[in-house]
Each structure stands twice: as C-alpha cells, then as structure tokens.
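Just the heavy atoms: all of them, side chains too, but no hydrogens, waters or symmetry mates, feed the values below. Sequence positions, counted from 1, serve as the residue numbers for this chain.
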Amino acid sequence: MKQVVLAQRPNGPAKLDNFRVEEGAMPEPGAGEVLIEVSHLSLDPYMRGRMDDVKSYAPSVALGEKMTGQGVGHVLASRADGIKEGDLVTGITGWASHAVLPGEGVRKLDTRLPATTALGVLGMPGFTAWAAMKTIGAPQSGETLAVAAATGPVGSMVGQIAKRAGLRTIAIAGGEEKCTLAKDTFGFDAALDHRAHDVKTLRAALSEAAQDGIDIYFENVGGKVLQAALPLMNTHGRIPLIGTIAWYSGVDTSGPDHLPALWRATLVKRLRIQGLIVFDHWDLFPEFLEEMTGPVAQGDIAYIEDITEGLENAPSAFLSLLNGGNTGKAIVAI
C-alpha cells in the first residue's frame, strides 16, 4: 500500500516538504474490520488545521502519521457483519491506497450514484451547507444571502438551497471564470470577484448587489470578505460560520483589531453568529440524504468535481486548494 504522511509541521503556509509518500505492507483486517481499496480521496480545507500542533475540535495529525481524510472504495476483505467483499463504502481512510476500518466506521453507498458524490455534494461538504442553513441560516423567502467561496462544494450547495427557498443569492468568488460559473451553473443572481477589489470597493459592489441588505452571510473565508459584508448585514441577520480559510496558513491575525466593529454590529443589529462543526449534527445526516439525494440524482442540484490523478499528487492538489486553485470539489483519484 501507499500513503501520504505528515513529514514536518508547516511554519506559515503549507509546502510540499511537509508531506512524504511512503510504501508499506498491505494491512489485514481484524475481527469486526474491513479492508478497503480506496478509489477516491477527498481534499478539504480543514486538513490544514490538522497539520498544526494546536488544540482544536479534533486531534492534530502526528508527525509521521497518515494525513486524515475521507475516502471511498470497494471492500477487498471483510470480517464485519453486514459488509461483504465488493461493497462500495466510504469512511475516514486517510490519504492512502488502502485502509482497514472498523465495520461501524464505514457506510455503504448507493451504487446508482457516482461514488465521488459521497465526498462532495452528498457528503461532508454538502451536508455542512445543508445543516448550517437549516440550524443557523433559517432562510425565508424574499431574503438576501451572500456566500463566500461560492463555487466550492459548500458555497455552491448553500446558494442552491437558498435559491430553492426563494432568496436572492449573491456569490463571492475568486476570478471572473468562477463568477461566471456561479451564475451560469449554480444559478446565483449576482457574482462578485473578490480578487478585483479591496475591502472598500468590495463593500460598495456588494452593497449594489444587495440593495436591501444581507440577511444571511454564509462565512467560509474570513479576511476582507467578512470585513466587506459585515456593515451590510440587516437587523436580525444570521452568519453561519463554517470556515476561515483566509487565516489558515499562519497569517498574523493580531492586527488591526476589528473586534470592536464586529461586536458593535452584532449588538446593534442583533446578529446571530454561530460556528458549526459538522460532527455535532450527524443525527441529521439521514434527513439530509433523504431530502437531497433525489434532486442531485435528477440533476436539479448542480455540482462540479476537480479531480487530480494519483495519490502522489495529493499534496500539490491540496496546496492548490488552499490557494483557491481548484474549481469545484477537490478529489484525488487513486
């Protein structure tokens, strides 16, 4: 088997030297376990945080340990009840060609859908969007939503959920190509290129697009996009907070101090700002699948996958993801 391990911790932005590809003996499943031949691996921004040795909502990856992540593949051998050889499954396989997991740690997949949908539109990213909109966003017809990283797997699902609920939707994305994609493929009413603006001009463009203000700002990014959107929030607005990728790579967040403006806006406008970690909502996952599998299968929910070939190319694809180089859900085909 092959796997990608954490060779050294990043000092600032992650680099290729932080990773190492290793080969080893094929693992064997014990009692209650399954051996999976991984076909596809998910790459997600949260993985950058796991590379640092800091306290967080989940353990850090240890030096020399396999990088964490979700994969899909077929069962080569099973010693677990209810799972047989050949079953298509998903689980936390890590960045590896093969993985042994406990039977209760894998989920059998519907073979009528592409396996990769379990990593994106019908997996953790899609569920994150759905759960955050359901539990925090609480969209109401006629409201306005703005979402950063709008063409990514979370942002694109957010926009489509909002559109189906009758909201005006505004995409914020990086580059003209992604802005076109947001409108033509994902159905956003307007799209803004944050790379073409500083905070002041982005706020002006956002104000023009959201002339009635913003009721829901879905936060994937942080940085200047948050600074631009915050003053435009309506009273009783909601900000689901699920990512701050602008600050993931060792950026100094000590100044300037924007906390007083954030706190005052939260108070005066009675904003609801709430973080969401998807682990807290797994009890809702069956409801998510029941509601969204049909629209995805019928083509009513659009999704795009950015697939890189070869496990050895996972590190470079991951670094591209962190810099906005992907278009759609980042996946590695092993």
Side-chain angles (χ1 to χ4, degrees), residues 13-14 42-49 119-121 123-133 136-137 144-163 167 169-197 199 202-203 205-206 209-210 214 216-230 232 238-249 251 273-278 301-306 317-331:
S42 176
L43 298 178
D44 300 284
Y46 78 83
M47 296 170 177
R48 173 60 185 85
L119 303 178
V121 66
M124 184 268 290
F127 179 52
T128 297
W130 181 91
M133 289 293 281
I136 303 171
T144 297
L145 169 136
V147 56
T151 60
V154 176
S156 60
M157 177 67 95
V158 166
Q160 291 177 91
I161 289 172
K163 196 66 180 173
L167 279 71
T169 56
I170 302 169
I172 304 167
E176 291 184 9
E177 182 178 341
K178 289 186 177 180
C179 287
T180 299
L181 185 68
K183 291 187 290 186
D184 293 351
T185 300
F186 298 122
F188 282 89
D189 295 301
L192 306 177
D193 177 8
H194 67 79
R195 293 179 181 172
H197 296 281
V199 173
L202 180 59
R203 184 178 300 150
L206 193 52
I214 299 171
I216 305 171
Y217 170 57
F218 199 98
E219 177 61 292
N220 287 314
V221 173
K224 71 178 182 183
V225 180
L226 173 61
Q227 292 176 246
L230 186 65
L232 305 178
R238 288 85 69 199
I239 303 180
L241 171 57
I242 65 98
T244 57
I245 195 171
W247 299 320
Y248 281 177
S249 295
V251 175
I273 304 174
Q274 183 174 337
L276 180 136
I277 301 298
V278 74
I301 294 291
Y303 66 95
I304 293 176
E305 297 173 339
D306 191 331
F318 179 60
L319 299 184
S320 177
L321 165 69
L322 294 178
N323 289 294
N326 62 302
T327 300
K329 177 71 190 83
I331 294 172

**Prompt:** Should we say atom CD of Glu177 is surrounded by more than 12 heavy atoms from elsewhere, each under 6.0 Å from it?
**Reply:** no

Shortest non-hydrogen contact from [X] toward [Y]:
X: Val158; Y: Ala129; answer: CG2-CB, 3.5 Å
X: Ala149; Y: Asn220; answer: CB-CB, 4.0 Å
X: Val154; Y: Pro125; answer: CG2-O, 3.6 Å
X: Val121; Y: Met157; answer: O-CE, 3.3 Å
X: Lys163; Y: Asp189; answer: NZ-OD1, 2.5 Å
X: Ile242; Y: Ala132; answer: CG2-CB, 4.2 Å

Between atom [atom1] of [X] and atom [atom2] of [Y], what is the distance when rounded to the nearest 0.5 Å?
X: Ile214; Y: Ile239; atom1: CD1; atom2: CD1; answer: 8.5 Å
X: Thr128; Y: Tyr46; atom1: OG1; atom2: OH; answer: 10.0 Å
X: Leu181; Y: Glu176; atom1: CG; atom2: CD; answer: 13.5 Å
X: Trp130; Y: Ile301; atom1: CH2; atom2: CD1; answer: 13.0 Å
X: Ile136; Y: Phe218; atom1: CD1; atom2: CZ; answer: 7.5 Å
X: Leu241; Y: Leu276; atom1: CG; atom2: CG; answer: 9.0 Å

**Message:** So that I can tick it off, tell me whether Asp193 and Lys178 are bridged by a salt bridge, with the cut-off set at under 4.0 angstrom between side-chain N and carboxylate O.
**Reply:** no

**Message:** Could you go through Ile170 and Leu145, starting from their C-alpha distance and side-chain angles, then the distance that decides it, and tell me whether this counts as side-chain contact (heavy atoms from CB on, under 4.5 Å)?
**Reply:** CA-CA 6 Å; Ile170 302 169; Leu145 169 136; over 6 Å; no

**Request:** Measure from the side-chain N and O atoms of Gln160 to the backbone N and O of Ala302, and report whether any donor-acceptor pair falls under 3.5 Å.
**Result:** yes

**Message:** So does Gln227 get a backbone contact from the side chain of Arg203, meaning a donor-acceptor N/O pair under 3.5 Å?
**Reply:** yes

**Item:** Pairwise side-chain contact, Glu219 with Val221, heavy-atom cut-off 4.5 Å (strictly under)
**Value:** yes

**Message:** A side-chain contact here means heavy atoms from C-beta on lying under 4.5 Å apart; do Ile304 and Ser156 qualify?
**Reply:** no

**Item:** Ile331, Leu321, Asn326 screened by side-chain contact (heavy atoms from CB on, under 4.5 Å) with Asp306, the one that passes
**Value:** Asn326

**Item:** Test side-chain contact (heavy atoms from CB on, under 4.5 Å) applied to Phe188 and Val147, step by step
**Value:** CA-CA 10 Å; Phe188 282 89; Val147 56; 3.5 Å; yes

**Request:** Any chance you could lay out the side-chain contact (heavy atoms from CB on, under 4.5 Å) test for Leu167 and Thr144, step after step, and finish with the verdict?
**Result:** CA-CA 5 Å; Leu167 279 71; Thr144 297; over 6 Å; no

**Item:** No-hydrogen, no-angle side-chain donor-acceptor test under 3.5 Å, Tyr303 and Glu305
**Value:** no

**Message:** Applying ring pair (Phe, Tyr, Trp, His ring centres under 6.0 Å), can you list everything that pairs with Phe186, at least two apart in sequence or on another chain?
**Reply:** none

**Message:** If the condition is side-chain hydrogen bond (donor to acceptor under 3.5 Å, both in side chains), which residues does Ser42 pass it with, not counting sequence neighbours?
**Reply:** Asp44, Lys329

